[in-house]
Student: 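My structure is below; once you've seen it, I'll send some questions.
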Amino acid sequence: MNANWRAQLGRIYAAPDVGNQLARYRRALERFAALYGAGPVSVYRVPGRINLIGEHTDYQQGYVLPAALDKDILFLARRREDALVRVHNLEENAFPPREFAIAADIPPYPTGDWGNYAKGPAQLLARRAAAPLHGVDLLIAGEPPYGVPRGAGVSSSSALTVGAGLVLSELNGLGYTAAELAWLSGEAEWYVGTRGGIMDQFIAMLAQKDHALFLDCRSRGQGENGLPQFQTELVPLPQGYNLIVADTHVRHQNVRSDFNVRVAEGRIGVALLQRRYPELRYLRDLEGKDWREVEPLLPEAMTWADLDRAGIRLNELIDVRFPESAAPFRVRQRCRHIVTENQRVRQSVAALKAGDVTRFGALMNQAHASVSVDYGASCDELEIMVALARQVSGVLGARMTGAGWGGCVISLARRGCESAFIDHVRPGYHDATGIWPDIFVCQAGQGAGLVESDVVA
Ligand code: NG1
């Protein structure tokens with residue numbers, strides 16, 4: 001590794017971090033050679049993300065405004081002549097090695113196994129490819145402090161899928177664009193059992209330094225290869241401000257089941273509204289309609305018996321099974337969150353373009369209230385963190401980011417108040433919860449891509 005590396009990493013990371021990043025890349029290359037033997041290796045990276053605003057809107061074809069973190073996962077890869085995929089992780093205790101052959105039908109590992117994040121894209125790309133795909137030897141490095149924090153709502157699992165898809169596509173010369181790979185990675189994640197949206201994969205692939213990405217999650221048509229196309233727009237982040245990320249260190253075990261219940265509640269809302277608006281497919285279609293007319297069409301809560309009486313069969317709306325003992329579905333308030341959140345994303349883009357940072361901060365605060373009260377996706381620790389963050393002078397807005405029920409809070413803060421933030425929020429959160437939070441300033445980073453090809457490990 002030489003001066004080129006230093007220059008290349010300087011384009012990706014903040015100047016003070018380049019030395020440490022260089023050491024990190026070097027460690028990974030050495031490990032790769034020890035595992036798979038010396039020879040050429042290509043190095044890719046995929047960032048995690050924060051979402052500035054637009055929570056739980058993507059799977060109802062709405063709007064989102066995420067940015068990439070400057071924390072990422074590295075993928076070191078060498079093409080194989082056969083179809084075998086061998087995957088090692090630098091953190092081998094948490095992520096034991098996996099090995100499988102690429103095919104159009106790859107039997108999954110048990111649910112929750114990390115290897116499925118590589119199998120998903122491998123199967124999808126194999127199904128779409130004209131010829132059999134080459135396998136790869138792969139080393140994944142996402143360890144702290146420069147890796148993407150796991151389970152923190154900053155999308156480390158999507159970064160895995162995106163990275164595996166990117167590596168397989170590039171080393172097989174499949175020629176997908178960044179946006180196409182983002183969409184395909186979203187599809188591939190279904191293999192893991194997630195019913196999520198496309199935000200995480202798009203920001204991972206398309207992010208630009210110091211920018212947020214506005215994404216309209218409704219496709220505006222198909223490209224020549226049959227893949228859907230989406231409207232995106234880079235929005236510069238305001239100068240003189242920082243985004244401070246505070247990790248609550250709370251990870252709820254049942255996020256996925258809570259998440260799937262929210263997906264179901266939105267779909268129940270759509271099914272009910274279709275009786276009045278037959279053309280409606282997603283809650284996004286309510287844009288432009290007066291919410292005061294829509295709201296009375298949606299019950300506050302629906303039990304299984306209510307669903308039956310209304311002729312709604314949930315298993316036709318979502319391919320996830322829910323226990324019949326589950327709490328009633330809170331249809332009205334969930335839909336209200338998604339409708340108002342889409343409006344706030346639009347307003348945020350306008351405010352940022354106009355340089356109205358105060359307005360954007362206020363919209364972040366409103367978004368938090370909505371996702372917490374209407375969408376029920378917060379938890380005590382997130383509320384404590386948000387309240388503490390807002391007490392710091394220079395903070396214009398604070399909200400949870402990601403799916404919720406734990407994870408991180410992001411705060412928009414005037415540059416220079418980082419130390420005051422840490423001095424106030426860290427002990428305050430510890431006093432209230434007994435947990436020391438992780439707090440870091442996020443430099444909105446660069447999207448996924450090749451760092452260097454054919455390096456000799
Ligand atoms: P995270 O926070 O990464 O679990 C999830 C979904 C997003 C989006 C957000 C909520 C996946 C892979 N990601 O993100 O698409 O719906 O929640 O805004 O399901």
Side-chain angles (χ1 to χ4, degrees), residues 46-69 71 73 116-117 120-121 142 148-165 182-205 212-213 215-218 230 245 247-248 250-267 282-284 318 320 334 337-338 340-342 344-345 348 364 367-368 370-372 374-379 382 399-410:
V46 182
R49 65 102 180 94
I50 47 169
N51 189 16
L52 300 187
I53 198 159
E55 223 62 84
H56 292 280
T57 47
D58 56 352
Y59 50 87
Q60 283 287 348
Q61 297 203 342
Y63 306 120
V64 292
L65 188 67
L69 287 179
K71 292 181 185 284
I73 302 181
N116 285 333
Y117 290 99
V148 182
R150 286 193 294 272
V154 293
S155 212
S156 60
S157 53
S158 294
L160 274 182
T161 319
V162 167
W183 188 80
L184 288 168
S185 304
E187 288 295 290
E189 215 158 294
W190 287 64
Y191 185 95
V192 192
T194 307
R195 298 291 170 265
I198 58 171
M199 159 169 70
D200 302 355
Q201 300 80 9
F202 267 81
I203 186 62
M205 287 303 303
L213 181 81
L215 168 66
D216 180 347
C217 299
R218 163 157 289 176
F230 295 87
V245 181
D247 186 349
T248 61
V250 174
R251 314 276 187 263
H252 280 247
Q253 291 310 313
N254 55 351
V255 169
R256 273 301 138 204
S257 53
D258 283 331
F259 190 100
N260 287 336
V261 170
R262 296 296 175 275
V263 176
E265 289 169 325
R267 293 192 184 170
Y282 291 89
L283 291 172
R284 155 68 177 281
I318 181 167
V320 173
R334 309 301 189 228
H337 164 73
I338 291 173
T340 57
E341 185 79 348
N342 277 328
R344 284 186 289 270
V345 176
S348 295
M364 287 175 75
H368 183 78
S370 177
V371 80
S372 167
D374 271 356
Y375 218 64
S378 187
C379 63
L382 280 169
R399 57 179 292 275
M400 60 156 247
T401 185
W405 298 288
C408 293
V409 166
I410 50 161

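Atoms within a ligand are numbered from 1 in the order they appear, just like the ligands themselves.
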Student: Using distance alone, decide if ligand 1 has a nitrogen or oxygen within less than 3.5 Å of any nitrogen or oxygen in Asp200.
Tutor: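 Looking only at distances, the answer is yes, because the N/O contact criterion of under 3.5 Å is met.
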Student: Could you say whether the N/O atoms of Glu55 and ligand 1 ever approach to under 3.5 Å?
Tutor: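 N/O-N/O distance under 3.5 Å: yes.
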Student: How close do Gly142 and Arg150 get, counting heavy atoms only, and between which atoms?
Tutor: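 For Gly142 and Arg150, the tightest heavy-atom pair comes out as O-NH1, 4.4 Å.
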Student: Which of the atoms in ligand 1, numbered in the order shown and given with their element, are less than 4.0 Å from a heavy-atom of Glu189?
Tutor: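 With Glu189 as reference, the close atoms of ligand 1 come out as 12 (C).
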Student: Could you name the option among Asp58, Val263, Thr401, Ile198 that has the heavy atom nearest to atom 16 (O) of ligand 1?
Tutor: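 The option holding the nearest heavy atom is Asp58.
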Student: Please give me the minimum heavy-atom distance between Trp405 and Leu382, naming the atom from each residue.
Tutor: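 In this case the closest contact between Trp405 and Leu382 is N-CD1, 4.0 Å.
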Student: Under a 4.0 angstrom heavy-atom cut-off, which atoms of ligand 1 come close to Met199?
Tutor: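 Heavy-atom distances to Met199 below 4.0 Å select 8 (C), 9 (C), 18 (O).
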Student: Check this for me - ligand 1, Gly54, N or O atoms closer than 3.5 angstrom, yes or no?
Tutor: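 Not met; the criterion fails.
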Student: Can you name the nearest heavy-atom pair linking Ser155 to Val148, along with the distance?
Tutor: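 Closest approach of Ser155 to Val148, heavy atoms only: C-CG1, 4.5 Å.
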Student: May I ask you to check if ligand 1 and Gln201 share an N or O to N or O distance below 3.5 Å?
Tutor: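 No: no nitrogen or oxygen of Gln201 is under 3.5 Å from one in ligand 1.
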Student: Taking all heavy atoms of His337 and all of Ser370, pick out the closest pair and write down the distance.
Tutor: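 That closest heavy-atom pairing would be ND1-OG, 2.7 Å.
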Student: Rounded to the nearest 0.5 Å, what separates atom CG in Leu65 from atom CD1 in Ile50?
Tutor: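 If we round to the nearest 0.5 Å, Leu65:CG and Ile50:CD1 are 9.5 Å apart.
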Student: Considering distance alone, does some N or O of His56 sit under 3.5 Å from an N or O of ligand 1?
Tutor: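 Yes; the residue has a nitrogen or oxygen that sits under 3.5 Å from a nitrogen or oxygen of the ligand.
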